[in-house]
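Okay, so here's the structure we're looking at.
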Amino acid sequence: MIQGKFISIEGTEGAGKSTALQFIKQYLTKAQLDVVWTREPGGTELAEEIRRIVLHPMSFEEVTPETELLLMFAARAQHIKKYILPALEAGKWVATDRFIDASYAYQGGGRSIDTKYITMLDEWIVGPIYPNLTLLLDIAPHTGFERAEKRGSEKDRIEHEEIDFFVRVRDIYLERAKQYPERIKIIDASVPLFAVENQIRDVLDDFIKR
Ligand code: T5A
């Protein structure tokens, strides 16, 4: 039986997910909750290996959208059964840097794969293991790009896409937030860090109270 709570963090490139996650860690630790941290694609040895393959900036072979989608779900299947579910059943809270909404946004929006295929995989692989809360860090793609560039780390394969790709990704994230307002909370990530943290604190305060 699931006893723990499940939180996911989403956003387009450079929205500040990793930075926000540090704040969320501090918040939940202070609230004395037993939390484990993870990410997608990834979270288990095999899923991290899939991450390395799917995000590697390959130049010798194009990755088809279908392959990309299936690899994301292969990693997710492993992640859910071997990591997320056991933790939730043990009464822990799980916080993940990206989860299912990223597949709708990146493969559905960015790659224009028909949503019916994503929904099929969603129902099969994710089923009832859905986040109780999703924090969507929203930012205009060009601002996110500028931030990520300032950080100066090497770009992965998906980060090499054109700006239009990320505009479509953002549109789907916002559409899903409209569709699931109880679960997905939009955080304006364009403002200074302290203001982002204030918004996250308000959402978490409310979530914990409930
Ligand atoms: N993917 C994933 C799919 O396509 N389908 C799927 O189903 C899944 C699960 C994963 C990639 O995989 C794709 C999506 C992704 O392309 P990732 O590890 O999630 O990649 O990495 P990215 O999305 O690339 O995330 P980044 O690490 O690039 O960005 P973050 O974590 O959003 O941003 P962060 O925190 O590193 O911040 C970027 C910079 O901005 C500064 C930070 O200090 C940093 O320098 N910053 C701010 N500056 C000013 N004001 C603020 N409020 C700031 N917040 C942060």
Side-chain angles (χ1 to χ4, degrees), residues 8-25 37-44 47-48 50-58 63-80 83-84 95-113 115 117-119 121-122 125-126 129-131 134-163 165-166 168-170 172-173 176 187-201:
S8 62
I9 297 135
E10 300 275 0
T12 46
E13 312 295 308
K17 289 178 296 91
S18 313
T19 312
L21 206 58
Q22 294 309 317
F23 175 77
I24 296 165
K25 274 184 193 176
W37 315 96
T38 187
R39 68 173 180 181
E40 285 212 346
T44 76
E48 287 290 332
I50 296 172
R51 178 189 179 97
R52 194 185 60 75
I53 295 168
V54 76
L55 295 182
H56 189 273
M58 299 176 188
V63 179
T64 74
E66 293 80 6
T67 304
E68 187 177 274
L69 175 70
L70 291 170
L71 285 174
M72 293 297 175
F73 270 94
R76 182 163 300 132
Q78 195 69 12
H79 191 205
I80 291 173
Y83 190 86
I84 296 175
T96 181
D97 188 342
R98 297 196 187 280
F99 193 63
I100 181 67
D101 298 295
S103 293
Y104 284 96
Y106 281 79
Q107 281 67 53
R111 302 281 184 226
S112 306
I113 292 181
T115 313
Y117 298 115
I118 306 174
T119 306
L121 290 165
D122 183 1
I125 301 300
V126 180
I129 315 302
Y130 244 75
T134 297
L135 294 159
L136 171 58
L137 270 64
D138 179 53
I139 196 164
H142 68 270
T143 316
F145 265 38
E146 278 167 19
R147 281 188 188 170
E149 262 172 26
K150 264 195 217 151
R151 193 184 46 191
S153 51
E154 206 191 323
K155 284 185 175 180
D156 65 38
R157 188 177 54 81
I158 295 178
E159 282 169 331
H160 279 93
E161 290 299 329
E162 299 292 326
I163 197 99
F165 175 94
F166 296 100
R168 293 196 296 277
V169 169
R170 184 192 193 197
I172 297 293
Y173 269 135
R176 286 183 68 76
I187 305 292
D188 177 2
S190 68
V191 295
L193 192 54
F194 77 90
V196 172
E197 291 177 350
N198 283 344
Q199 296 173 70
I200 294 176
R201 185 184 299 107

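We count ligands from 1, going down the list as the structure has it; atoms in each ligand are counted the same way. All heavy atoms count here, side chains included; hydrogens, waters and symmetry mates do not.
- Contact shell of ligand 1 (protein heavy atoms, cutoff 4.0 Å): Glu13, Gly14, Ala15, Gly16, Lys17, Ser18, Thr19, Glu40, Pro41, Arg51, Leu55, Met72, Arg76, Arg98, Ala102, Ser103, Tyr106, Gln107, Arg147, Arg151, Ile158, Glu159, Val191, Pro192, Leu193, Val196.
- With sequence neighbours left out, the salt bridge (Lys or Arg N to Asp or Glu O under 4.0 Å) criterion links Lys155 to Glu149.
- Remark: Thr119 engages Tyr104, Thr115, Glu123 in a side chain to side chain contact (heavy atoms under 4.5 Å, CB included) (not counting sequence neighbours).
- Every residue two or more places apart in sequence or in another chain was checked for a salt bridge (Lys or Arg N to Asp or Glu O under 4.0 Å) with Arg201, and none qualifies.
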Subject >> salt bridge (Lys or Arg N to Asp or Glu O under 4.0 Å) assessment of Glu10 paired with Arg176 >> reply: CA-CA 12 Å; Glu10 300 275 0; Arg176 286 183 68 76; over 6 Å; no
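- Taking the centre and axis of the six-membered ring of Tyr173, the NZ or CZ atom of Arg170 falls outside the cone set by 45° and 6.0 Å.
- You'll find the side chain of Phe73 reaches within 4.5 Å of the side chain of Ile100, heavy atoms only.
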